[in-house]
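Letters A, B, ... are given to chains in the order of the sequence lines, protein chains preceding strands, and every chain is numbered from 1.
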Amino acid sequence: MKLVEQFFPVCDYDLAATLASGQAFRWKEIDGSWEGVIGENWVRLKQEVDGILAQTVCLKAGQASCLSCFDWLRDYLQIDADLSVILRSFPLDDVPLQTAVTSCRGLRLLRQDPWECLASFILSSTKQIVQIQQIVSLLCERFGKPLAVPENHPPVFSFPSAERLATCTEQELRDCKMGFRAPNLLATAKMVSNGEIHLQSLYALPLEKARAELVALPGVGKKIADCVLLFAYGFPQAFPIDVWILKALRQLYFPKRKPTAKRLLHFSQTHFGPNAGYAQQYLFHYMRTKI
DNA sequence: AACCAGGACACAA
DNA sequence: TTGTGTCATGGT
């Protein structure tokens with residue numbers, strides 16, 4: 001059991017804003033670092049001025065594969081995404097958006113595992129982020145696999161597979177405090193594990209078709225589908241509209257009028273450009289922290 | 001104590 | 001097409 005380190009030089013990457021902005025639910029800040037799980041790997045990340053320092057563990061000491069296979073982490077963090085290009089694609093005359101960007105420049109979008117993201121957001125409906133974190137944590141402790149961790153570190157578990165959750169009873173899931181979301185998660189886990197939907201195949205589809213497949217799952221409407229499309233599949237135009245974004249759109253862009261939901265939807269899909277999903281994340285974070 | 005939370009769904013008008 | 005009640009649970 002050996003601690004392995006890797007440094008990723010990157011500018012404009014705000015680790016805290018990114019990991020705590022409600023797109024992923026398994027990151028904890030522990031004395032200056034962020035600890036979490038990506039796939040089957042325990043990870044510790046530390047913000048440096050000129051990049052990110054990553055630590056993980058390797059079961060077999062001296063194995064070169066650990067050092068050379070940080071690609072999964074590079075991909076998850078989207079280190080190679082050029083943030084300046086994305087920010088330049090935003091409408092320049094949009095004062096509220098530019099304010100939001102200025103207030104938390106370095107906020108990024110992650111590239112998560114589709115199943116974990118889908119399951120997590122099924123649990124997210126009308127729950128506060130802290131509660132989602134608690135439910136996900138219980139789910140992992142009870143049904144995930146124990147992972148390799150550093151010496152004297154408390155145990156950490158993987159996010160349970162769809163196959164594992166499909167074998168749970170509804171009551172076992174309810175006992176993780178997810179309430180009425182339990183039957184939805186269970187039914188979706190069964191559909192994923194028996195092949196009624198093939199999550200891997202959605203990468204190749206255009207946005208609308210991928211969304212249509214997700215919305216067919218129990219407990220998944222447009223908002224949750226867009227979260228998965230944006231945070232896992234990397235569709236940059238996906239624009240999840242939750243209560244916070246609704247508030248942001250109304251009070252920042254239509255302060256006097258009372259636009260219909262349809263009008264707001266149209267606005268969100270035409271005004272923000274090809275990276276609307278990023279704009280959405282900046283507005284979301286801005287509303288939750290600065291106002 | 002009342003109100004709300006990264007909603008979805010069935011059903012009414 | 002748009003509006004309302006319901007579903008659990010815990011934080012503020």
If I pick the P atom on B/dG6 and the same atom on C/dT6, what distance separates them, to the nearest angstrom?
23 Å
Could you tell me whether the side chains of A/Gln78 and A/Arg108 share a donor-acceptor contact shorter than 3.5 Å?
no
Counting the atoms with a prime plus P, OP1 and OP2 as sugar-phosphate, which does A/Gln280 contact under 4.0 Å by heavy atoms, base, sugar-phosphate, or nothing?
base
By nearest-nucleotide position on DNA chain B, the 5'-leaning member of A/Ile129 and A/Leu217 is A/Ile129
What interatomic distance, in whole Å, is found between P of C/dT4 and the corresponding atom of B/dC4?
15 Å
Separation between the P atoms of B/dA8 and C/dG10, rounded to whole Å:
22 Å
Report which part of the nucleic acid A/Lys223 touches: base, sugar-phosphate, or nothing (heavy-atom distance under 4.0 Å, all strands).
base
When rounded to whole Å, the CG to C1' distance for the pair A/Leu123 and B/dA5 reads 14 Å
A/Tyr253 and A/Phe267 aromatic ring geometry - parallel, tilted or perpendicular at 30°/60° bounds
tilted
Check every strand shown and say whether A/Ser21 touches a base, only sugar-phosphate, or nothing at a heavy-atom separation below 4.0 Å.
base
Check: A/Arg105/A/Thr102 side-chain N/O donor and acceptor closer than 3.5 Å:
no
Please check if any side-chain donor atom of A/Asn41 sits under 3.5 Å from a side-chain acceptor atom of A/Thr56, or the reverse.
no
Between the side chains of A/Glu213 and A/Lys209, is the shortest nitrogen-to-carboxylate-oxygen separation below 4.0 Å, so that they form an ion pair?
no
Do the side chain of A/Gln131 and the base of B/dG6 come within less than 3.5 angstrom through a donor-acceptor pair of N or O atoms?
no
Position toward the 5' end of DNA chain C (nearest nucleotide), A/Gln128 or A/Arg181:
A/Arg181
By the 4.0 Å heavy-atom rule, please label A/Gly22 as base, sugar-phosphate, or nothing.
base
Rounded distance (Å) that lies between atom C1' of B/dG7 and atom CZ of A/Phe121
12 Å
Over all strands shown, is A/Ile245 touching base, sugar-phosphate only, or nothing at heavy-atom distances under 4.0 angstrom?
base
Among residues 224-239 of chain A, which ones have heavy-atom contacts with DNA chain B below 4.0 Å?
A/Ile224, A/Phe231
Going by atom types only, do A/Gln98 and A/Asp94 share a side-chain donor-acceptor pair under 3.5 Å?
no
When hydrophobic residues are tied together by side-chain contacts of less than 4.5 Å, even through go-betweens, does A/Trp72 share a cluster with A/Ile79?
yes
Between A/Pro218 and A/Phe25, which is nearer to the 5' end of DNA chain B once each is assigned its nearest nucleotide?
A/Phe25
5' precedence on DNA chain C between A/Thr126 and A/Val130 (nearest-nucleotide basis)
A/Thr126
Could you state the atom-to-atom distance from CE of A/Met178 to P of B/dG6 in whole Å?
17 Å
So A/Phe272 and A/Phe239, would you call those rings parallel, tilted or perpendicular, with 30° and 60° as cut-offs?
parallel
We want to know whether A/Gln251 and A/Lys247 form a side-chain donor-acceptor pair, criterion being a heavy-atom distance below 3.5 angstrom.
no
What is the distance, to the nearest angstrom, from the CG atom on A/Leu185 to the P atom on B/dC9?
14 Å
Between B/dC4 atom P and A/Trp244 atom CH2, what is the distance in whole Å?
12 Å
Centroid under 5.5 Å and tilt under 30°, A/Phe284 to B/dG6
yes
Boundaries of the DNA chain C segment in contact with chain A, non-hydrogen, under 4.0 Å:
C/dC7 to C/dG11
Under 3.5 Å, is there a donor-acceptor pair linking the side chains of A/Glu35 and A/His153?
yes
